[in-house]
Number of protein chains: 2
Amino acid sequence: MADTERWLELLEEKGGRITGPRRAIVELMANSDRALSPVHVFDLARAKYPKMGLVTVYRTLEFLSELGLVERVHQPDGCHMYLRAANGHEHLMICSGCGKAVYFSGDDLSAFIEKISKESGFLIQSHWLQLHGLCKECH
Amino acid sequence: MADTERWLELLEEKGGRITGPRRAIVELMANSDRALSPVHVFDLARAKYPKMGLVTVYRTLEFLSELGLVERVHQPDGCHMYLRAANGHEHLMICSGCGKAVYFSGDDLSAFIEKISKESGFLIQSHWLQLHGLCKECH
DNA sequence: ATCCTTATTGATAATGTATTTCATTATCAT
DNA sequence: ATGATAATGAAATACATTATCAATAAGGAT
Ligand SMILES: [Mn+2]
Ligand SMILES: [Mn+2]
Ligand SMILES: [Zn+2]
Ligand SMILES: [Zn+2]
């Protein structure tokens with residue numbers, strides 16, 4: 001709702017044009033609470049914009065990803081899914097029942113990473129952390 | 001070396017037959033310190049067993065994965081790579097320079113997960129943690 | 001050692017996903 | 001309203017994975 005407009009504004013600021021297909025995809029992605037595969041986005045978006053092409057879905061997801069609005073999410077059963085991006089340092093918790101994805105923050109691995117880093121000689125630049133389980137509704 | 005035989009024994013115990021192609025793949029996977037894609041395994045294994053088929057690589061990796069001997073590794077630039085499995089609760093640290101993968105243990109997220117769990121109503125069943133950086137040799 | 005059952009293999013075909021190409025269409029600054 | 005050009009979608013292409021199937025080979029039984 002509110003995010004949709006903000007996304008479209010940013011898209012425009014960055015030199016993109018606002019079009020029907022893009023509007024449909026942005027509406028979807030900005031308001032989805034689960035990670036979606038390109039094909040899934042395609043299917044959902046065609047409800048709003050029937051002549052949507054799958055190629056446009058790929059291109060738009062790529063564009064939104066460059067703008068930092070969506071990001072790729074890896075899951076055990078699908079590694080090319082997209083979800084609205086995190087705000088700052090957040091990680092994902094995903095429900096294996098319904099697919100609901102929720103960002104959380106507050107993890108503090110810095111001390112631990114420091115320790116591992118010292119012991120191993122590795123220079124750690126980033127980390128992935130993801131929690132898998134069942135949401136309130138699914139258990 | 002030692003692991004190779006152990007893997008083959010387990011494979012046999014579970015009703016599998018020991019064959020040339022499997023021996024070549026097991027030797028590779030049991031001794032590799034980096035995650036390998038099926039095609040990469042294929043190329044390397046053909047050195048030992050020239051008439052190896054790519055399909056056999058897929059099938060053998062799947063089998064070894066069912067036996068808990070290898071596991072799939074996700075990386076920013078490739079999500080279908082395989083590596084010898086962890087021993088118990090371990091996570092991976094991967095060098096973005098050379099691909100070297102090292103397991104570490106000692107992370108303790110239980111208190112944090114407990115907190116997130118309470119706040120969100122999620123029942124957390126497992127977690128992914130992965131560190132990305134540069135190994136001693138690569139920086 | 002030989003035989004026999006059947007697991008395993010690899011060539012091939014089929015599938016599904018992602019990318020490239022290109023003529024047509026739509027956006028938006030003027 | 002017009003025109004430059006960004007964006008689109010159909011079609012073609014590339015690529016990774018899976019399914020099919022006849023030939024082969026492993027290993028238990030004899
Ligand atoms: Mn992945
Ligand atoms: Mn852990
Ligand atoms: Zn759920
Ligand atoms: Zn390295």
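Only heavy atoms go into these numbers, but all of them, side chains included; no hydrogens, no water, no symmetry mates. Letters A, B, ... mirror the listed sequences (proteins, then strands); counts begin at 1.
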Task: Non-hydrogen atoms of Arg84(A) and Ala101(A) that approach each other most closely - done: NH2-O, 4.0 Å
TODO: Let me know the distance between CG of Leu36(A) and C1' of dT17(C), rounded to the nearest Å.
DONE: 17 Å
- [ ] To the nearest Å, give me how far apart NZ (Lys51(B)) and P (dA23(D)) are.
- [x] 16 Å
- [ ] List the protein contact pattern of nucleotides 13-22 of chain D with one symbol per nucleotide (5' to 3'): B for base contact, S for sugar-phosphate-only contact, - for none; contact means a heavy-atom distance under 4.0 Å.
- [x] ---SSBB---
Open item on the list: When you measure from the side chain of Arg23(B) to the backbone of Ile18(B), do you find a donor-acceptor pair of N or O atoms at a distance under 3.5 Å?
Closed with: no
Task: Which residues share a side-chain contact (heavy atoms from CB on, under 4.5 Å) with Val39(B), sequence neighbours left out - done: Ser37(B), Asp43(B)
- [ ] Kindly give the cluster partners of Ile94(B), where membership spreads through any ILVMFWY side chain lying under 4.5 Å from a current member.
- [x] Val73(B), Leu83(B), Leu92(B), Tyr103(B)
Task: Proximity to DNA chain D (any heavy atom under 4.0 Å), residues of residues 14-24 of chain A only - done: Gly16(A), Arg17(A), Thr19(A), Pro21(A), Arg22(A)
Task: Distance in angstrom units between Phe42(A) CZ and dT8(D) P, rounded - done: 14 Å
- [ ] Can you tell me which residue pairs pass the ring-ring contact (aromatic ring centres under 6.0 Å, His included) test with a partner in residues 37-67 of chain B, sequence neighbours excluded?
- [x] none
Task: Under the side-chain hydrogen bond (donor to acceptor under 3.5 Å, both in side chains) test, residues paired with Glu114(A) that sit two or more places apart - done: Lys118(A)
- [ ] Figure out the CD/C1' separation between Glu13(B) and dG27(D), and round it to whole Å.
- [x] 16 Å
- [ ] Mind checking side-chain contact (heavy atoms from CB on, under 4.5 Å) for Arg34(B) and listing every partner two or more places apart, or none if nothing turns up?
- [x] Ser32(B), Leu36(B), Cys98(B), Lys100(B)
Open item on the list: Suppose we screen for side-chain contact (heavy atoms from CB on, under 4.5 Å). Which residues come up paired with Lys14(A), at least two apart in sequence or across chains?
Closed with: Leu10(A), Leu67(A)
- [ ] Return the value, rounded to whole Å, for the distance between atom CE of Met52(B) and atom P of dT8(C).
- [x] 15 Å
TODO: Any chance you could pull the hydrophobic cluster mates of Ile113(B), using side-chain heavy atoms under 4.5 angstrom and chaining through other members?
DONE: Met93(A), Val102(A), Phe104(A), Leu109(A), Phe112(A), Ile113(A), Ile116(A), Phe122(A), Ile124(A), Leu129(A), Leu131(A), Met93(B), Val102(B), Phe104(B), Leu109(B), Phe112(B), Ile116(B), Phe122(B), Ile124(B), Leu129(B), Leu131(B)
Task: Whole-Å distance separating the CD atom of Glu9(B) from the C1' atom of dG27(D) - done: 17 Å
Task: Distance in angstrom units between Glu12(A) CD and dA6(D) P, rounded - done: 15 Å
- [ ] Just call it for Tyr49(A): base, sugar-phosphate, or nothing, with non-hydrogen atoms closer than 4.0 Å on any strand.
- [x] sugar-phosphate
